[in-house]
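Notes to accompany the following structure.
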Amino acid sequence: MNGLAAHYRPAMAAAYFPVPDPEETRPEKIEALMQDRFELNGETHHLPAPLDWIANPSQDLEWHIMLHKFYYGVGLGMAFARSGERRYAQKWVELVEGWIAQTPVGFIAPDVTGRRVQNWIYAYHYFALQGRDPGFDPAFQRRLLGSIHDQVEFLCENLAPARNHRTIELYTIFLAGVAFPEMRRAARWRELALELLLDNMRRDLLPDGVQCELSSDYHHLVLKNYLNVRRLADLNGIDVPREMDEHLRRALEFSVHVHKPDGIVPSLSDGDACCFRELLLQGYELYGRPEMLYVGTGGARGSAPACRSLLFPDSGYAIVRSGWGSAHEPFADAQYLVLDCGPLGEGNHGHFDCLSFELAALGRSLVVDPGRYTYSEAGDTNWRVAFRGTAYHNTVTVDGRNQTRYVPSVLKDASRHAVGSVRHKVAGPAPDASVEAFVSDRDCDYVHGRARSHEYDAVHDRRILFVRGEYWIVSDALQAPSPHQYDLRFNLGEQAWQRVGERHDADTLRYLAPNLLVAQPADASTEARIEDGYVSYRYGEKQEAPVLRFTRHGDAAAFHTVLLPFRGEAPQLSVSAAPPVPGAHAFTVTLERSGERFVDHVLFPLGGEEIEWPLAGARFRGRFLFLRRAPDGSVLRAHHDGVACIR
């Protein structure tokens, strides 16, 4: 070990921590890399030395971006730390030297520079600070440190103006200032990063704690950057403003609730479906909040959050669940639904998915947000446009149109994409979205969301009623002054591919999928069918999955859908339209399970007037009414949020 590395070893070993990407540092990927096979974003390219860093071997720009981010460099360092084999160090030197020799500082974009510098610092930790000699030439280390310095200085002068890219860059600046305190600008880097990061939190975190791009994945990527800075400051005795902790606690609260019972965060808008429990454990270490420990350990330690269901009003996310684990329902088997009833989000990551939802139960996702799949618009099918569109989400399309105008545009300004290339851009306002009601009682939950698109004259009201321990009702009402085609879609998980059965009769349309029964009242004006679709949990990967599609025509339309998760044999269920009730949507659900038969009466008033419902023997004023009757007519359960008189 030469003197330069020996100098840094004692200070650096305690001053910072590497944060490897589990997927990009998998041993099999690293061994492929040793044979010059680069596996990134679902594509593999053979790139023998000398590697041409400027040319992109893929049609997808994101592949080239991943190449320049150097996540695999950390994997090489980890392999060296495990084995002591210098071939991993030699490969890293070859790649870094080649990059420095060919590539201008800031190539592609500043956030790519930020990720690369982070990964170079992490890799150096494994190569130089774990007690093994990688055999680095002193001249290489000087070039490495000089390049890191130049790239950090570039970041300081070329920060992204806002949002997730800016947090990547600010974390990089702070990390370099901590890891290399001997550099002349290190103290200024640390000071600048903390000052601007707090400003970023103020502008980019909504009052309810959700990051302004309104992507569940990007929220956590930003949260990860914030937490890395906060932990580095704590490790090195650097004071941070109290306000930073206040923002972090609110962002962590959203993470607590948006995690599904299986530990995965659904990929709402752009992003992958990932587990971020580790961030909750980091939050617990910082703040000692027992609910962060509870969800971070899957219910094994800590204590459950005080709220079973919660609305995040500024971002428009409503999250409903059956519980946090009990003797009757294990933590991982709880029922969970997240509804998106918020704005499109800042930046360019929002999907056209207003009033879409994801439903999980019994340890698996049953109605799924399909994800993003790709950012590339190359190829015969524009998958970027497809996965982003309204028709790829669990909501209603009107005349097959997106909720927000999305059109091809020729790029005139320099960006990640070449000037003159054609990319689709948002060209109109997002729908006016509002949460009209959110009610969470001990045994039922009710959410009412409304979307008014600027692309058509139809207004969409979605009401979701969760009868705790039983089933979900998703009631969609659309109203317009002119006729339209309305298509309601439910994207099922990949486990349901070619495993959906139809069991229709005169009263009820039924679809039976693994662990999920979907039913609607039969109606001659409703067309129902199973279509082919896709779900994508990771960038560049998609799996076939079925889509249930219900179609109606007219100026007004209503779909009343029962979603019943089940284990074992499917229960007997029918859904019937009730005789018309002025000013309300009314229907009945008949359920037979475990040898018992119940008749449930469901009423959704459209206004605030009092409703007389002879079929249920009730007079009612409020937002919803649920009555369960036994075969003898006696009332077994009653849920409502208004004033009811039941005879």
Y124 and F136 aromatic ring geometry - parallel, tilted or perpendicular at 30°/60° bounds | parallel

Aromatic ring proximity Y534/W383, centre distance under 6.0 Å = yes

For K29, the salt bridge (Lys or Arg N to Asp or Glu O under 4.0 Å) test, sequence neighbours excluded, returns E23, E24

Any residue meeting salt bridge (Lys or Arg N to Asp or Glu O under 4.0 Å) with E246, in chain and number order, not counting sequence neighbours = none

With sequence neighbours left out, what residues match D314 under salt bridge (Lys or Arg N to Asp or Glu O under 4.0 Å)?
-> none

Does H68 reach the main-chain N or O of T113 with its side chain, forming a donor-acceptor pair under 3.5 Å?
-> no

Sequence neighbours excluded, which residues qualify as salt bridge (Lys or Arg N to Asp or Glu O under 4.0 Å) partners of R185?
-> E153

Measure from NZ or CZ of R289 to the centre of the six-membered ring of Y284, then state whether that distance is under 6.0 Å and the direction lies within 45° of the axis.
-> no

In terms of side-chain geometry, is the basic nitrogen of R388 or D270 positioned less than 4.0 Å from the acidic oxygen of its partner?
-> no

Non-neighbouring partners of F387 that pass ring-ring contact (aromatic ring centres under 6.0 Å, His included), sequence neighbours left out = Y373, Y392

By ring-ring contact (aromatic ring centres under 6.0 Å, His included) - contacts of Y122 (at least two apart) = none

Does the cation-pi check pass for R372 over Y375, that is, NZ or CZ under 6.0 Å from the six-membered ring centre and within 45° of its axis?
-> yes

